[in-house]
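Worksheet: one structure, shown below.
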Amino acid sequence: MTEFTSTTDADGIATITWDVPGKSMNVMSYEGLAQLEELIDAALADGDIKGVILTSGKDGSFAGGMDLNLIAKMKADAGENPAKGLFDGVMDMHRLLRKIERAGMDPKTLKGGKPVACVLPGTALGIGLELPLSCHRVFAADNPKAKIGLPEIMVGIFPGAGGTTRLVRKMGAMSASPFLLEGKLVAPAAAKAAGLIDEVSADPMADARAWVLSAKDADLVKPWDAKGYKMPGGAPYHPAGFMTFVGASAMVNGKTQGVYPAAKALLSAVYEGALVPFDTALKIEARWFTSVLMNPSSEAMIRSLFINKEALEKGAVRPADVPDQRVKKLGVLGAGMMGAGIALVSAQAGIEVVLIDQTQEAADKGRAYTATFADKGIQRKKTTPEKKEQLLSLITATTDLGALKGCDLIIEAVFEDPKVKAEMTDKVEAVIDEDCIFASNTSTLPITELAKASRRAGQFIGIHFFSPVEKMLLVEIIKGKETGDRAVAKALDYVRQIRKTPIVVNDARFFYANRCIIPYINEGIRMVAEGVEPALIENAARLVGMPLGPLQLVDETSIDLGAKIARATKSAMGDAYPDGAVDEVIFWMEDLGRLGRKSSAGFYSYDEKGKRQGLWDGLSAQYATLQEQPELIDVQHRLLFAQSLEAVRALEEGVLMDIREGDVGAILGWGFAPWSGGPLSWLDMIGSAYAAERCDQLTAAFGERFTCPDLLREMAEKGQSFYGRFAPQKTAA
């Protein structure tokens, strides 16, 4: 497969065009690297060629990054020494990019090289920016929709093809840190202002040609190759640089709590690389990059947050024989926070929305949510008044059910009561077209039961959004027992339209996400009742990578909601209900009116502006703390196993149909320790044998809720892993 081609014009400029067949955006493959090097070698060796322009054949983009299968190939090709295979492969990339950078110049005089310019038609990410950084001048099209940056840290690695070393030497550690440590992406104009690229142009190809034809020897020498180079902002041994690196170390550890290996490795590569010559710094970068790639955390993050997430977004679990089901007109029942959020994200996707509520005032308030959101965007210069009006024009707020005529999807987001939902289902189905799909946005109520109110159970499905809708990336799609393939395809196509990540699960109480997150919250509350220091509970959670401790999380979601769920669950389960000890704490807090953030009083105290101040000291007055507190690892394991074992049971019971959805859903839905790749990846990381043994220890110490699931026990006995046993072939690690 040809990914790079070259043509030479009458002026002696060789244009190397990157265009990967069958891809909407270029990604760098093993074959592509070899082709690029061959064309670069030919251009440098040809006496008739005066310079090179590297560009993309894709409209609106240069490249989206590295094909991560290249990493797997480097490992596999090395046989019993995958680390050596990775290091050698990474050094091959460094060698190629260094060849472009030096462009045939004499190593002593730094003269005689050929100018190499890069033209970016649009988005340039990862290796798609690292490659341009090795060129002598980078020209970008004036394309405000384009994104430029190095987002690798977001998927558990860091820029390892020279991007880390070049960016720090180009901009200084302080200026480079948002792009390296946060994965910040910017439009071309902002990229030029920051120093990532050199020019933004209405005709970048013409400007690049003019530059190549006029470039002098000095224009080709990178700052770090020039005599007397000093790092912007100061090297680590410089007083200013010393403070930068000390601060960076504190910042990284504060944000990552030490559980994300890529961030620490990146900082080490930058610090150590800044102490040595450039080529040695590249070697140091390659060593740290190899170390990260060999870390099971990075492997799991890449698999879940890149490969599996992308597969789910592209329809990996979509029924294959159902034609396109993209939504043209959407009906939203209920204009409260959820309904208003659904209307907003749907309008942003260009979908016509009918927003229904009992009163016109309530419906208008729901529509005003979009207006307020747009106003904030205008203030931040993210949108314009004209675009705000376009958004609002797509949303019709009304009390008239007749306006739902012509909708091809209905999403019901009314009060979480089966009777109320059943009444709305009956009324709406009397109005909508026969082929319209009806979805309920419920977080806890079984879809199969709700579907009994429908005249067309095969067209009834659950679409569970997470709050706030516009910020949360996950949507949980729930199949009832009679839900048909067209309803599943409609839900998946809609979620793709609104640019969120879907998972599809079978019907069961609490579905998947809530059945895992509720035990996490309950375990934290249970420990409070046992006398474990609340601060230990919360910090243990954060130190193991959870974004919120269980007590803060229940404050955010509201304590009275937890009490309501507890009562409903107890009513449904009867004597099998396991969480009486938790109810004691929850109901006590509810009686005190400490309902969480919304009442400015919960497990935490809040000031008069609603800002969280610290854990409420009334907890220790009610539940005396133990004189001897448990070990940190025991608290962490209780919190992680409480979630992970539910994920295993969901897989065992057929609620989860694909382990990719179990891991991606956990990270995006409630923030399960992203460094782990998700609960099933975490169990693979610690090993099924140890996980089963730990279950037995936790069960003996704390109760039957930690009983090892039969599936996990069987896997332990057979020495199996979840991704070894269940992963689709193309996503296996």
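These numbers come from a predicted model, not from an experiment.
Applying the 6.0 Å contact sphere to CE of Met205 captures more than 12 heavy atoms from other residues, nucleotides or ligands. Within 6.0 Å of CE in Met174 there are 12 or fewer heavy atoms belonging to other residues, nucleotides or ligands. Heavy atoms of other residues, nucleotides or ligands lying less than 6.0 angstrom from CZ of Phe278 number more than 12. Dense packing is recorded around NZ of Lys500, with more than 12 heavy atoms of other residues, nucleotides or ligands lying under 6.0 Å away. The 12-atom threshold is not exceeded at CZ of Arg326, counting heavy atoms of other residues, nucleotides or ligands nearer than 6.0 Å. Atom CG of Asp59 has 12 or fewer neighbouring heavy atoms from other residues, nucleotides or ligands inside a 6.0 Å radius.
A donor-acceptor pair is defined here as one N or O able to donate and one able to accept, closer than 3.5 Å; such a pair exists between the side chain of Ser297 and the backbone of Trp675. Looking only at distances, no side-chain donor or acceptor of Ser298 sits under 3.5 Å from a matching main-chain atom of Ile157. In terms of modelled atom types and a separation under 3.5 Å, the side chain of Glu352 and the main chain of Leu394 share no donor-acceptor contact. The backbone N or O of Val20 sits less than 3.5 Å from a side-chain atom of Lys58, completing a donor-acceptor pair.
Atom OG1 of Thr290 sits about 9.5 Å away from atom CE of Met91, to the nearest 0.5 Å. To the nearest 0.5 Å, atoms CE (Met105) and CG (Leu220) are separated by 5.0 Å. Atoms CG and CD, on Leu180 and Glu152 in that order, are 9.0 Å from each other to the nearest 0.5 Å. Atoms NE2 and OG, on His94 and Ser134 in that order, are 11.5 Å from each other to the nearest 0.5 Å. Once rounded to the nearest 0.5 Å, the distance linking CG of Asp46 with CG of Asp41 reads 12.5 Å. From Ile13, atom CD1 reaches atom CD1 of Ile49 across 10.5 Å, with rounding to the nearest 0.5 Å.
Look at Glu101 and Arg166 and you find a salt bridge, because one of the NZ, NE, NH1 or NH2 atoms lies within 4.0 Å of a carboxylate O, short of that distance. A salt bridge is absent between Arg303 and Glu299: the closest approach of a Lys/Arg side-chain nitrogen to an acidic carboxylate oxygen does not fall below 4.0 angstrom. Ion pairing of Lys50 with Asp11 is absent here, as no side-chain N (NZ or NE/NH1/NH2) approaches a carboxylate O to less than 4.0 Å. Between Asp279 and Lys283 no salt bridge is recorded (no basic side-chain N to carboxylate O distance below 4.0 Å).
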Self-check item: Derivation and outcome, side-chain contact (heavy atoms from CB on, under 4.5 Å), residues Val664 and Leu668
Solution: CA-CA 6 Å; Val664 174; Leu668 300 186; 3.8 Å; yes
Exercise. For Glu182 and Ile153, run side-chain contact (heavy atoms from CB on, under 4.5 Å): C-alpha distance rounded to whole Å, both residues' side-chain angles, the deciding distance at 0.1 Å, then the answer.
Key: CA-CA 7 Å; Glu182 299 171 21; Ile153 200 75; 5.9 Å; no
Practice problem: Give the C-alpha distance, both sets of side-chain angles, the deciding distance and a yes or no for side chain to side chain donor-acceptor pair (under 3.5 Å) between Asp207 and Ser201. | Solution: CA-CA 7 Å; Asp207 289 346; Ser201 167; 2.5 Å; yes
Quiz item: Going through the checks in order, is the salt bridge (Lys or Arg N to Asp or Glu O under 4.0 Å) test met by Glu37 and Arg95?
Solution: CA-CA 10 Å; Glu37 182 162 23; Arg95 181 178 49 76; 2.5 Å; yes
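Side chains of Thr165 and Glu285: a donor-acceptor N/O pair is present below 3.5 angstrom, by distance only. At a cut-off of 3.5 Å, with distance as the only test, no side-chain donor of Thr2 or Gln35 sits close to an acceptor on the other residue. Ser56 and Asn26 share a side-chain donor-acceptor pair at under 3.5 Å.
Under the 30°/60° scheme for interplanar angles, the aromatic rings of His136 and Trp211 are found to be tilted. Taking the six-membered ring where the residue is Trp, Tyr494 and Phe465 present perpendicular rings, their angle passing 60° and hence far from 30°.
Of the residues Val212, Asp198, Ile53, Val119, the one that meets the side chain to side chain contact (heavy atoms under 4.5 Å, CB included) test with Arg137 is Asp198.
By the side-chain contact (heavy atoms from CB on, under 4.5 Å) test, Val186 is found to be paired with Phe179, Lys184, Ala190, Ala191, Leu196, residues two or more places apart in sequence or in another chain being considered. The salt bridge (charged side-chain N to carboxylate O under 4.0 Å, His left out) test applied to Asp142 returns no partner, not counting sequence neighbours.
Contact check for Arg367 versus Leu392: side-chain heavy atoms found under the 4.5 Å cut-off. At least one side-chain heavy atom of Pro277 sits less than 4.5 Å from a side-chain heavy atom of Thr280. Side-chain contact check for Arg169 versus Tyr229: some heavy-atom pair is nearer than 4.5 Å. Counting heavy atoms from C-beta outward, Met301 and Phe306 have side chains that stay 4.5 Å or more apart. Taking 4.5 Å as the limit, every side-chain heavy atom of Val52 sits out of range of all side-chain heavy atoms of Ile100. In this structure, Leu131 and Phe62 have side chains that are in contact, with non-hydrogen atoms separated by less than 4.5 Å. In this structure, the side chains of Ile351 and Gln497 come closer than 4.5 Å at one or more pairs of heavy atoms. For the pair Phe158 and Trp288, the minimum side-chain heavy-atom distance is below 4.5 Å.
Listed here is the closest heavy atom pair of Ala103 and Val116: CB-CG2, 4.2 Å. When all heavy atoms are compared, the tightest approach of Phe466 to Leu474 is CD1-O, 3.3 Å. Counting all heavy atoms, side chain and backbone alike, Ser393 lies closest to Gln390 at OG-O, 2.6 Å. Across all non-hydrogen atoms, the minimal contact from Ala140 to Ile197 is CB-CD1, 3.5 Å.
Legend: salt bridge (Lys or Arg N to Asp or Glu O under 4.0 Å) pairs involving residues 211-238, not counting sequence neighbours, sorted by first then second residue: Arg98-Asp225, Arg102-Asp225.
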